[in-house]
Every structure is written in structure tokens, then in C-alpha cells.
Amino acid sequence: MKSLIWLPFLPLLGTLVPLIASRLSRTACAFLTAALPALTLFLVLSHTEAIFHGERFFASIPWIPAIGLQLAFRLDGLSLLFSILILGIGLLVILYARYYLSAKDSIGKFYSYLILFMFAMLGVVLSDNLIQIWFFWELTSISSFLLISFWGDKTEARKGARMALTVTGAGGLALLAGLLLLGHTVGSYSLQTVLDSGDMIKASSAYPIILVLVLLGAFTKSAQFPFHFWLPNAMAAPTPVSAYLHSATMVKAGIFLMARFYPALADTDLWFMLVSLTGLATFLTGAYIALFQHDLKGLLAYSTISHLGLITLLLGMGTDLSAVAALFHVMNHAIFKASLFMAAGIIDHESGSRDMRQLNGLWKFMPYTATLAMVASASMAGVPLMNGFLSKEMFFTETLHQASLGSLSWMVPVLATLGGVFSVAYSMRFIHDVFFNGDPINLPKTPHEPPRYMRVPVEILVALCLLVGIFPGVIVGHLLYAAASATLNGSVPSYSLAIWHGVNFPLLMSIIAMCGGLIVYANRRHLFKFQAQFPVSDPKLVFESAVQYITRRASQFITLTENGSLQRYAFLTLLLAVVMTTIPLMRLNATAGLRPEIPVDALSITAAVLLCLSGLATVIWHRRRLLSLLTLSVVGLIVSLAFAKFSAPDLALTQLSVEVVTVILLILALFFLPQKTPKESSPRRVVRDLGLAAFVGGTVGTICYALMTRPLDSISTFFTENSKTGGGGTNVVNVILVDFRGFDTLGEITVLGIAALGIYKLIARMRLYMPSGDYQGRPWAEDKHPMLLAVISQSLLPLALLVSAYIFLRGHNLPGGGFIAGLITSVAIIQQYVAHGVEWIKTRIKLDYQIMIGSGIAIATLSGLGSWLFNRPFLTTWFDYFSLPLIGKFELASAMVFDLGVYLTVVGATMLILANLGKLTTSERPTQQEHE
Amino acid sequence: MEGIYAFSVGLLTACGVFLTLRGRSFSVVVGLTLLSYAVNLFLFASGRLKLNAAAVLGRSEQYSDPLPQALVLTAIVIGFAMTAFVVILAMRARADLGNDHVDGQVPKPKPPILQKGNTTHKAGGGQ
């Protein structure tokens, strides 16, 4: 069933089509855009027969199997119902939009967004993984944002889009939390597993939290009270978008979610309370407010809210057939509401207004469209022979059957009938106010019938209203059964889809609603007058002020914690780190472990005392910067001695040469910085910082001691055992660097190179204050390059280079290697700079350090790539032994090529930094190399 | 020996932390350098201390742990690159902003707090 994977991705591919095809004519663009969704619909429909026989299709591609992440899709009755709605109505909307959008709108962009939404929505209904559902869920919010703000030059479009994104996005976050908790509770993110473990979920203690979070997601998306306010504001979108997203599909995503998780989460008292009461409140509020809207689309928007509430109420009631009725109404509502939106779009398009106070008597101008709209709104009102009647009748029946409110249960059918009254009233208003009721008032255009093909989508949908209404069993019977079976996880109670169930209570409720609606509409003036007493509150303003309030609070909080002081951040970060560390340390029984300690000798004590004293001196004299640098270098020297003492000759060599380079660097830098630090810390701050420093130092020392006195079970025996046989070298540290962990080293030298280039860039345009003397005002020495230094360093150069070559060559078997050799070479060259100056060097050493870094990294990488030629993994090394007369037996290893790359990068990076920093005082400043 | 070693690491850390919390960039750089000494010693010590046991095959009876050494070796070199980067950044900041305070501007001393019914000035700003 791999073709299932392609189902949602065909539309994704289709997002590119309109962008390419937009150069062609609009009709060609529309047809090409429709091609891939049509193909997808065809593929979906090819599964119907099997699904009607109870089959379900699954397909998945593993992604990160270790943690159960996979791309998983499923196609069952519920997915099938929604896929057909998404693709079918989507195709009609594509055709409709071709005529709706004006020539100055970019139709390619519009179609592209629309198909992106289609992809997202298909992803939601076809996913078989919780996280994946959420991903597509958020994608629908984002594509909806793009579509609502399609006319981004209008304020209400931008505000409406932002509001929709905020509300549905926030709901999406709640949903994510809910789904994560759900997956965690079940132990799997596979949807099927979750659906099969309904009892376990409902019994778990996390159930109420999961339910509330998931329902928050569903309610925000499906515009349930009190989150309904975003939907009317989303009506700033082009009407095809309203017809597609905000009536037929996206707002049904919340309904879909509730239906999808019905076996896992429904049928508890909490579910009933939350879902059915929210649904009831939404149903009534929407129906009531819809009547008072003057905007045609506003009326339809509130009516949509009301119908979504009705479906939610049905899903919440938990009677035998309520879920079936809910799904049936999803279908019917999508059909009649999409056609009504399209009709409203036609009216807007051909008359230039959507205000029902201006729109009157359009029957005379567009009788054909009027007929279509009237049939559709009759369906909305629940008039017999229409599909809306059937599901509304089922709804009334189910309200009579539920008993969940105990002795108050009688209220539900009464309130449902009241909602029905208002539905009839606003449907009546849509028909009577627009098409009859006198003559149009001040319309911008003279209304006329739309282009022939703009009506086709409406005609198809209206025909469906009638066909489903008259032959429900034949047209949608199987589909509904399959969807209900998937929703209820198999057990569907028997029911009959028929127009006539005899004279019974539901029919009576329908008749009451019908008559009541007509009466309400006839007396609407009184109601309007009554409603006019209430102050009008614009949800946009309320929302905007809420957002501004939150933003203000957030920025207040941020200024409280983030005042721009680095010292404060560092303090808080360190404090947090050390507090977090002390907790596990307190659980440690004793500081010292069982490992025997090395006996103390006098030399070590002397070194340690010297180390501590120079460390303290660095702190005490830190305001006299040169002095503190000197003591700092003492610390560095003793550290390298410590490495030598404790059996790490490579580290000792590295530390020693880095020390030299660092001190030179810092002295150079100090030339350009103030020589003294002003005394500006308050005594309180000093005490505070000292306290924290002592605390951190104590903690680190304790950990260090506890670590060292405990026996070690290390993986390093692997390295010592395989160093000679596998890496061909006896210096294990070097073999680790160039062979075992060669990839790490490649990363390290790349970082080194990048840091050097970054520094070069920082130096390049630096405008510096150059002191003409030291901080006591004494001028610099006249003799910049003393003869003695020049002579000695020049004669030392070959020696130093020889040493570095020696260190490099022996590195594989004895302490040494590319890093150390590179540092020694750098020190030798820097010495020449110090002794002779840039001018002198420039004519003699012609090295481009940037090229050196680049070639170093390139050599190291190529030596790694070379192993591919021999079908080995990246950075596999090769070595063998050869013998030559005079020299004797020697070893050649590919690791040496890698080490050469390391060497070149280290020299290049060090010299690029130091030479350019040194050049700042001379006429060779690197500024002139900036191209601008 | 381990005790002395641990004490030294702790002391270097404390010195480094204190200097890192100072307000001028050069002190911070020196503090970070001290901290990196401490961190390198600490990481190295995670392989335990051994005398006369360099991880060179055939040169001694037992071998010290080579893995932390390899890690620390690259850490020393990268540490140098980072020190260089930070110090150049500090120079650049001073060149562009005209001061070497870590916040990019020297904080203004707090105005003296006037006590009610008392005209003596309390020392503010800690200059």
C-alpha cells in the first residue's frame, strides 16, 4: 500500500504547479492546478469499494525507528469521508476562484496557498501518528493565515489573519501538549494503538488533562464558544477561501479530531460535560447572533459557528446514533454551506456589496443564482427534501434520547428547538432580505448573473443537497456507514436514512422550529430594536487590547530579568549551574572514594603553592593589567608542568606552546586596551562575586576530588589495545586524534580555521586608538627591533623549524604531532615578527595564511575522502612498513597526511590571528583589503 | 596528591569565576583563560592521575587514560582560538564603542539617595 504515502504528497507537488502555470491564461492555470488534486481524488475513490467492505489501509515509512517516529498514513471510513470533502469541494473552489479573483490578484499565488492548505488538511485526516497529525494541524493554521491575509493591503485582512493564527495556533500548542501526554500515557504515538487503548486512557490519572488539552485544540479550530470570535473576522479572506476553509474543511478539523479520538477519549462524564455543553452554547450563540448580522458573509460565518456547535453537541451526547448524526451533518453542512458562501461571493462580485441593508430584491436581476441560493438556505434551515432536514431530524431525535443531565435533560431538546427557530429565522433572512424585500439601495454596480461557469460549482453542490435529501441511502449511505464505523471503532448501531419516519416528536420539533422561525423573522424589527440597546463590542478591538496587554506584561517581565547587564547574566547563570550541581553532590555519601591516592612530594607541593599564589595574584592585581598577565603566564606554565608530571607529555607540549602564543596575543591586545582597570565594583558586589566564586570553586574542586578518588572503568583500553595494530602508532593520544576520533579533529581544525577567519574579519576595519606611550606617559622605545634579538632569533629560526619537523614526524609514535608542531612553527615565525617587524618579514616570508588554513582543512578532508577509493568509511587510515638503504625500516601512514592538514591549519590560524593583530600598528594594516 | 590537585583546580576556578564577573573586557578575558586552565585540568583528571605512565606503547608498565588527554589537547588549541576571538572582539568593541565595559557602556553612577529628615548622602554607585 505504498501508493497511500503519495496521497497527501501529490497536492504538495501541486503547490508548484500554479506558480509555474500562472504565466499561462487563467483558465489554463486553473485546469493545471486542478489536475493533481483530481488525480488524488481518483486515487482516494479507488479505495472506496474496499473500505465499504470494512477494510482499512495503512502505510508507513520508518524515520527514526528507535524512538518510534515514522511517517504513517491510514485510510479508513472517516479519512475517506473527509478526503472526499477536502478534494471534492477543493476542486469546485478552484473552478470558482478562477472567476471570482480579479485580474489584478495573483491567481498563481492564490492557488498555491490553496493547494498547500489542501495538502495540510489531507495530512490531518490521513495521518496515523499523533505528532504527524499535529504537524499537519499547524500547517493548516499557517496556510489559513496566508489565505486570510491574501489581500494583505486591507487592515481587516491582516488583523483577521493574525487573530485566526493566534487563536488556532494557541489551541495547536495545547493540542501538542495533549497529544504528547496521550502518547506518553499509551506508550506509543501510533494512532491505531491509541485508539485501541481507550479504556486504559480513560482510567489513567492524566485523562482529564489530556482531554482538556485536546479539546482546547479542537474547540479553537472549530470556532467553539468562547473561541468563536476569530471565524467572523476570518471572513476578510476572499470568498473561495471562506467557502473552502471556513465552512467546509478547516473548521471541521476540530470536529474531525473529536471523531478521530472518539474511541480513545469519549464516553465519560467529563467528555459529556465539556463537549456537549460547549456545543450547545455555541449552537445557540451562533444562531442568535447570525440573525443580527448585516454582512452576508457575517451571517454565514455565525451560522457556521452555530452548525459546528450542533455537530459538537452531537459528538458530546454519547447516545447510540449521535456520532452517526454528527458525521452526517458534517457532510451536509459542508455541501450546503459551501454553496451558500459561493452564492454570497457571486452576489458580492456582481453587485459590489455584501450589506443586506443595501441588497434587496435581487431576484429580478439574478433569478437563477437566487434559486440556487434559496435551495441551499432551505437546506440550512432544515426544510424537508433537503439534506439539511435529514441530519437536523436525526439531531432532534438524539436530543430526545439523551439523559445525561439527569432531571434537567428535558432542557436539551427545548434549547435545540430554540436554536432551530433561529436557524430558520436567519435562513429566511438570507432569502427574503436579499432576493425580495423591495429594491436594491445604492448598490455600486447593477447586479447581473455571473459568468456561466462560476455557477457550476454552486449547481453541483445544490444538486447534491437535493439528491442526498431525497435519496440519502443510495448516495451517501455506504460512505456514512464506513465513516461511522471508523469513528466508533467497529460497532455501529443500526439506523435508517429515510425522509419519512412517521409523525413523531422530532417532526413536531421541526414544525415548531419552522413556524417559530417564520414568526421571529416576521417580527425581527422588535428583536433588532431590542438588540440595539446593547453596546456593540468589536471582537477585533477586544482581542487587540488583550494582545497588547499580554505584550506589555511580557516586556515588563523581560526588562525585570534582562536588564542588559552581562555581569548579571553571568552571575545568574553560574548561580543556577552551581545550585543544580549541589543537589546531586549532597546525595553523595562521602567526598573521598576508595581509590588509593598518590603520595605527596615536596616538589609537587611547591608547584601547587606557586600555582595558587599566582592564580590569586592574577585576581588581586587584575586592575594592573600587565602585571596580572605575567602572573597568568606563571599559572599556564605550572599547568603544563602538571600535565608533564601526571603522564601527559602531549598535553604538556601543547600547553607550553599555546601559553607562549596566548601571552603574546594578550600583550598585543593590551597595547590597544586601557592599561588599568578602574575600580568601579561596589563592595557589596565584590563580596557577592567572591562568595559565588568560592562556591563554584569549592563545588568544582569537590567534584574533581570525588572523581579522582574513585576507580575508573574506562573505554580507553580499546584505544591502547588497538593503537598499534589498528592505527599503526604507539602514541595513543596522537592515534586517537588522527585516527580513532579523526572526524572530531577534522571538526576542531575547521572551527579553528573559522575562528581565525572571523578574527581577521573583525580586525579588518577596526579603528583603534593607538597610545603613543605607556600609561605613565613614557614614550615607546626608539629602537623597535633590537639588534641582539634580531640576530639571535634569526639564527634560531632554522633550529626551531627543525624541532617542529622532528616533533611532527615522530608524533605518531612518540609525544608530538601536528598540533604541537604547528604551534612550535608559529612561535618560531612570530619570533621573527617580533624581532624584525612586519616590513622585514613581508619581503622574506611569503605565506598567505588564509590559503594555508584552507589547504590544511582540504588536505585533512581529502585524506579522509581517500579511503572511499578503497571502499572504506570516511577517514579510515592505512599504514605499512618499508625499508630503504641507509635509513632502515620506517613506517608510512595515511594518518600523517591528515596530521599535515592539522599542522597547516594550526600554523595558518595562529599566524593569521597574530600577524594581523601585530600589523595593526604598522602601515600594513589589513584594512586596505576590504572591498567596498 | 589528589587533594592538592583538586584544591588547585577549585582555586583556579574560583579565581576565573571572580574575574569573569568583572565589568571590563580584559579582566573577563583573563578570567576565562584561568577558567579554561581549570577546566582542562579538571577534564584531564577525569582520566585519573598516574605517574610515569605516558600513553606511549612500550614505554611504561601501565598507561594513563589517553582519551581525556586527546580531548584536552584539542580543547587547549580551541581554547586559544576562542580566547583570541574574545580578545579581538573586546578590542573591536572598544574601537567602536569607545569603552571596554562588557555592556558596551559604562554604567552611570547611581544618584545619591537622600534619606528622609537627614541630609547626609549615602554612597551610591560604588566608585
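In the text below, chain A, chain B and the rest are named by the order of the sequence lines, each starting its count at 1.
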_Minimum heavy-atom distance between B:Arg48 and A:Met708, given as atom pair plus value_ = CD-O, 3.5 Å
*asked:* Need one label for A:Arg595: side chain, backbone, both or neither, based on atoms under 4.5 Å from any heavy atom in chain B.
replied: side chain
*With a 4.5 angstrom heavy-atom cut-off, could you sort out which part of A:Leu712 is near chain B: side chain, backbone, both or neither?*
both
*Which bit of A:Pro674 is near chain B, if near means a heavy-atom gap under 4.5 Å: side chain, backbone, both or neither?*
both
*With a 4.5 angstrom heavy-atom cut-off, could you sort out which part of A:Leu668 is near chain B: side chain, backbone, both or neither?*
neither
*Taking all non-hydrogen atoms of both residues, which atom of B:Ser27 and which atom of A:Thr677 are closest, and how far apart?*
OG-OG1, 3.8 Å
_Atom pair CD1 (A:Ile703) and OG (B:Ser46), whose distance is rounded to the nearest 0.5 Å_ = 12.0 Å
*At a heavy-atom separation under 4.5 Å, does A:Tyr705 approach chain B through its side chain, its backbone, both, or neither?*
both
_A:Leu917, part contacting chain B, at a heavy-atom distance under 4.5 Å_ = side chain
*Region of B:Ser64 in contact with chain A, defined by heavy-atom distances below 4.5 Å*: side chain
_Atom group of A:Ala909 that falls short of 4.5 Å from chain B, counting heavy atoms_ = neither
_From A:Cys704 atom SG to B:Phe44 atom CZ, the distance as rounded to the nearest 0.5 Å_ = 10.5 Å
*Please look at A:Pro711 and chain B and tell me whether the side chain, the backbone, both or neither of the residue comes under 4.5 angstrom of a heavy atom of that chain.*
backbone
*Considering only heavy atoms and a distance below 4.5 Å, find which of B:Leu49, B:Val72, B:Val29, B:Asp100 pairs most often with chain A.*
B:Leu49
*Given the rule in the side chain to side chain contact (heavy atoms under 4.5 Å, CB included) test, do A:Val639 and B:Asn40 qualify, once you have shown the distances and angles that lead to the verdict?*
CA-CA 9 Å; A:Val639 168; B:Asn40 287 339; 5.8 Å; no
*Of all residues at least two apart in sequence or in a different chain, which pass the ring-ring contact (aromatic ring centres under 6.0 Å, His included) check with A:Phe571?*
none
*A:Ser604 OG to B:Tyr5 OH distance, which is reported to the nearest 0.5 Å*: 12.0 Å
*Determine yes or no for a side-chain-to-main-chain donor-acceptor pair under 3.5 angstrom, with B:Asp103 supplying the side chain and A:Leu566 the backbone.*
yes
*Would B:Gln69 and A:Phe643 count as a side chain to side chain contact (heavy atoms under 4.5 Å, CB included) if you check the C-alpha gap in whole Å, the side-chain angles of each, and the deciding distance to 0.1 Å?*
CA-CA 9 Å; B:Gln69 296 189 17; A:Phe643 286 139; over 6 Å; no
*Most heavy-atom pairs under 4.5 angstrom with chain B, which of A:Gly615, A:Ala608, A:Ala648?*
A:Ala648
*Sequence neighbours left out, what passes ring-ring contact (aromatic ring centres under 6.0 Å, His included) with A:Phe718? Give chain and number order.*
A:Phe740
*Side chain from CB out, backbone as N, CA, C, O: work out which of these in A:Leu752 comes under 4.5 Å of a heavy atom of chain B, or both, or neither.*
both
*Over all heavy atoms of both residues, which pair between A:Val600 and B:Met1 is shortest? Give the atoms and the distance, please.*
CG2-N, 3.3 Å
_With side chain to side chain donor-acceptor pair (under 3.5 Å) as the criterion, how do A:Thr709 and B:Glu2 come out once you've worked through the C-alpha distance, each side chain's angles and the decisive distance to 0.1 Å?_
CA-CA 7 Å; A:Thr709 50; B:Glu2 272 81 354; over 6 Å; no
*asked:* Can you give me the closest heavy-atom contact between A:Ser716 and B:Leu67, atom names plus distance?
replied: OG-CB, 3.5 Å
_For A:Val686, which atoms come within 4.5 Å of any heavy atom of chain B: side chain, backbone, both, or neither?_
both
*Which answer fits A:Phe672, side chain, backbone, both or neither, if we ask what part of it has an atom under 4.5 Å from a heavy atom of chain B?*
both
*Return the orientation label for the B:Phe18 and A:His622 ring planes: parallel under 30°, perpendicular over 60°, tilted otherwise.*
perpendicular
_Side chain, backbone, both or neither of A:Ile715 within contact of chain B (heavy atoms, under 4.5 Å)_ = side chain
_Under 4.5 Å from any heavy atom of chain B, what part of A:Val661 do you find: side chain, backbone, both or neither?_
both
*Please flag which part of B:Val28 lies under 4.5 Å from any non-hydrogen atom of chain A: side chain, backbone, both or neither.*
neither
*With respect to chain A, which residue among B:Val17, B:Ile88, B:Val106, B:Leu89 yields the maximal number of heavy-atom pairs within a distance under 4.5 Å?*
B:Ile88
*Looking at A:Arg568, A:Lys724, A:Arg710, which one has more heavy-atom pairs under 4.5 Å with chain B than the rest?*
A:Arg710
_Pairs of heavy atoms under 4.5 Å with chain B: top-ranked of A:Ser565, A:Pro815, A:Gly817, A:Ser714_ = A:Ser565
*Report, as yes or no, whether the 6.0 Å neighbourhood of atom CG on B:Asn52 holds more than 12 heavy atoms from other residues, nucleotides or ligands.*
no
_Per-residue contact mode, A:Leu632 against chain B (heavy atom under 4.5 angstrom)_ = both
*Where is the tightest heavy-atom contact between B:Arg92 and A:Leu762, given as atom of each residue plus distance?*
NH1-O, 2.7 Å
*Under 4.5 Å, counting heavy-atom pairs only, tell me which of A:Val700, A:Thr745, A:Asp650, A:Leu574 racks up the most with chain B.*
A:Val700
*Interatomic distance, B:Asp65 atom CG to A:Thr720 atom OG1 [nearest 0.5 angstrom]*: 8.5 Å
